Amino acid sequence: MLDLKWIRAHPDALKEGMRRRGAEVPVDELIEVDRAWREKLTALERLKAERNEASEAIGLAKRQGKDASEAIERMREVAARIKAMEQEVEGLEARLKELLLQVPNIPHASVPDGRSDADNVEVRRAGEPRQFGFEPKPHWELGVSLDIIDFERAAKVTGARFAFLKGLGARLERALIQFMLDLHTREHGYTELWPPFMANDASMTGTGQLPKFAADMFRVEGTDYYLIPTAEVPVTNYRMGEIIDGAELPLYYTAYSPCFRAEAGAHGRDTRGLIRQHQFDKVELVKLVKPETSYDELESLVRDAEDVLQRLGLPYRVVALCTGDLTFSSAKTYDLEVWMPSYGRYVEISSCSNFEDFQARRAEIRFRREPGAKAEYVHTLNGSGLAVGRTLAAILENYQEEDGSVRIPDVLVPYMGGVERIAPAG
RNA sequence: GGAAGGGUGGCCGAGCGGACGAAGGCAGCGGUCUUGAAAACCGUAGACGGCCCCGCCGUCCGUGGGUUCGAAUCCCACCCCUUCCGCCA
């Protein structure tokens with residue numbers, strides 16, 4: 001959510017930001033509703049001041065044993081007018097809030113202009129895609145032939161876009177989670193959280209999934225909860241409603257969670273393999289920081305996520321998302337894309353964003369620089385560190401051998417109980 | 001699932017429908033004292049919003065309704081927390 005005062009002072013900057021995003025936002029209506037709301041509110045508050053004054057006089061008169069029935073009679077009428085006017089003000093306020101929650105974040109000045117992912121800008125590459133001396137297989141074929149991924153039985157048990165991992169496949173998933181969490185907690189300074197995997201409406205609104213993107217999530221029937229689409233939701237909202245002591249900042253949190261996505265609009269894309277599933281594992285990184293540091297913090301957040309890929313020896317690149325490809329809440333986003341031989345291109349495996357105060361304002365996360373200082377909104381950031389299912393897929397494809405076996409990256413071998421290779425049975 | 005108790009300012013904790021934005025304590029901030037610090041004492045002190053914005057006004061005592069000229073205080077519904085019982089990994 002943007003600052004209403006800022007919007008009033010900079011309506012043109014707001015329009016320009018929306019134009020850069022290619023977002024359709026009723027800016028003029030927003031500004032008009034705000035104007036009408038303030039006008040009504042001022043009138044209402046004048047009436048309330050009158051009432052308060054009269055009530056005080058009535059109280060005083062009664063205490064002195066005087067008769068106040070005439071004033072009470074007069075105030076009865078004022079009270080009715082207040083009630084009616086409150087209705088109007090509340091109506092305008094609700095509309096204003098509704099409009100405000102629909103407005104996406106303003107792209108940072110450094111974000112490249114563009115309409116779609118085709119306009120994203122590559123920032124750097126690391127590692128060389130391997131030259132295979134044979135025809136490499138896609139991970140969904142490797143997974144099945146190695147008997148470590150089972151899509152068919154998952155379809156039977158649940159449905160399309162789910163998978164069983166089996167044997168060393170399940171073990172590899174678990175090893176990756178453990179490896180990532182260890183790296184971020186031991187070497188990058190993050191505090192591990194194990195969050196709830198469901199969250200309420202307020203949390204979903206806080207990070208920006210609601211009200212616009214309810215259709216992308218799974219609602220748990222009989223409850224007021226959604227399955228989380230990312231650990232960003234519980235972890236960012238961990239400090240919601242709080243005023244944090246400035247000395248505590250910056251706060252770094254990391255969390256493993258399964259992620260559940262309905263992705264209603266994704267039918268037909270990435271239908272095979274682990275790339276687009278209704279449920280997947282992810283290790284998330286979240287930062288709460290002082291505003292003036294947030295863009296430096298974004299760079300170091302990206303480095304923390306990149307470190308995972310580097311240690312796993314996976315070729316990747318970093319791209320800066322263009323204005324048209326930014327998610328709703330983000331002011332600036334870098335995606336990490338891993339080389340996926342089956343796609344013959346780089347595929348998103350992490351998304352690292354600076355939300356500035358957009359989420360903090362929705363979730364009411366503030367801090368005080370000094371004891372007694374005014375409360376300010378923190379800046380929030382998050383990034384995948386990494387999406388585990390896609391990492392597993394990338395390992396299978398990039399580490400495959402001609403005989404159909406897959407080598408385990410060195411750093412994972414201890415986490416695999418010494419297993420160095422996954423080979424076909426028999 | 002059942003029973004009881006409870007949600008008040010950064011924290012703890014009082015609060016007969018009218019003098020309560022809310023006693024008191026702690027923490028904080030400013031000052032006195034001190035070589036300095038601690039202690040003691042004095043003062044100050046919330047968040048959000050509106051406006052004719054160095055001030056004035058409004059709102060906020062879990063949330064939402066209701067009663068009333070007037071609600072932290074009364075009524076209704078809901079949410080959350082704690083304890084006990086049951087059930088359960």
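Everything numeric here is computed off the predicted structure, so don't read it as measured data. So that the names make sense, note that chain A is the first sequence line, chain B the second, and so on, each numbered from 1.
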Could you pick out which residue, A/Leu60 or A/Glu90, lies toward the 5' side of RNA chain B when each is mapped onto its nearest nucleotide? A/Leu60

Report the nucleotide, chosen from B/G58, B/G50, B/C69, that has the shortest atom-to-atom distance to any side-chain atom of A/Thr42. B/G50

Can you spot which of A/Tyr190, A/Phe179, A/Trp194 makes a ring pair (Phe, Tyr, Trp, His ring centres under 6.0 Å) with A/Tyr256? A/Trp194

Looking only at side-chain N and O atoms, does A/Arg368 come under 4.0 Å of OP1 or OP2 in B/G10? no

Using a strict cut-off of less than 4.0 Å between a Lys/Arg side-chain nitrogen and an Asp/Glu carboxylate oxygen, indicate whether A/Lys48 and A/Glu45 qualify as a salt bridge. no

In A/Arg368, A/Arg369, A/Arg366, the residue satisfying side-chain hydrogen bond (donor to acceptor under 3.5 Å, both in side chains) with A/Glu376 is A/Arg369

So A/Tyr253 and A/Tyr238, would you call those rings parallel, tilted or perpendicular, with 30° and 60° as cut-offs? perpendicular

A/Ala79 side chain: which of B/C51, B/G58, B/C69 is closest? B/C69

Below the 4.0 Å mark, does B/U67 have OP1 or OP2 next to a side-chain nitrogen or oxygen of A/Lys83? yes

Side chain of A/Arg366, heavy atoms from C-beta onward: which of B/U67, B/G50, B/C48 has the nearest atom to it? B/C48

If each of A/Asp3 and A/Ile243 is mapped to the nucleotide of RNA chain B with the nearest heavy atom, which maps nearer the 5' terminus, i.e. the 5' end? A/Ile243

For B/G50, does either OP1 or OP2 sit under 4.0 Å from a side-chain N or O belonging to A/Arg8? yes

Please determine if a side-chain N or O atom of A/Arg51 lies less than 4.0 Å away from the OP1 or OP2 oxygen of B/C69. no

Hey, would you say the A/Tyr295 and A/His108 ring centroids sit under 6.0 Å apart? yes

Describe the nucleic acid contact of A/Ala49 in one word from base, sugar-phosphate, nothing, applying a heavy-atom distance below 4.0 Å. sugar-phosphate

Rounded to whole angstrom, note down the P distance from B/G9 over to B/A14. 13 Å

Selection from B/U59, B/C51, B/C69 that lies nearest to any side-chain heavy atom of A/Lys48: B/U59

To the nearest 0.5 angstrom, please state how far the CG atom of A/Leu386 sits from the CG atom of A/Leu176. 9.0 Å

Between B/G46 and B/A39, how far is it from one C1' atom to the other, in whole Å? 28 Å

In whole Å, what separates the C1' atom of B/A72 from that of B/G62? 12 Å

When rounded to the nearest Å, what value does the distance between C1' atoms of B/A27 and B/C16 take? 32 Å

Whole-Å P distance, B/G21 and B/G58: 10 Å

Among B/U67, B/G49, B/U59, which nucleotide sits nearest the side chain of A/Lys5? B/G49

When you get a sec, tell me which of B/A47, B/C69, B/G58 is the closest nucleotide to the side chain of A/Asn52? B/G58

Measuring only the C1' atom in each nucleotide, how far is B/A19 from B/A23? A whole number of Å is fine. 14 Å

In whole angstrom, give me the gap between the P atoms of B/C75 and B/C80. 22 Å

Taking the same atom, C1', in B/G28 and in B/C11, what whole-Å distance lies between them? 11 Å

Stems involving RNA chain B, each a run of at least 3 consecutive Watson-Crick or G-U pairs under 3.5 Å: B:1-7 with B:79-85, B:10-12 with B:24-26, B:28-32 with B:40-44, B:46-51 with B:55-60, B:62-66 with B:74-78

Quick one: does any side-chain atom of A/Asn120 pair with a main-chain N or O of A/Cys322 as donor and acceptor, under 3.5 Å? yes

Hey, is A/Lys83 close enough to A/Glu86 for a salt bridge, meaning N to O under 4.0 Å? no

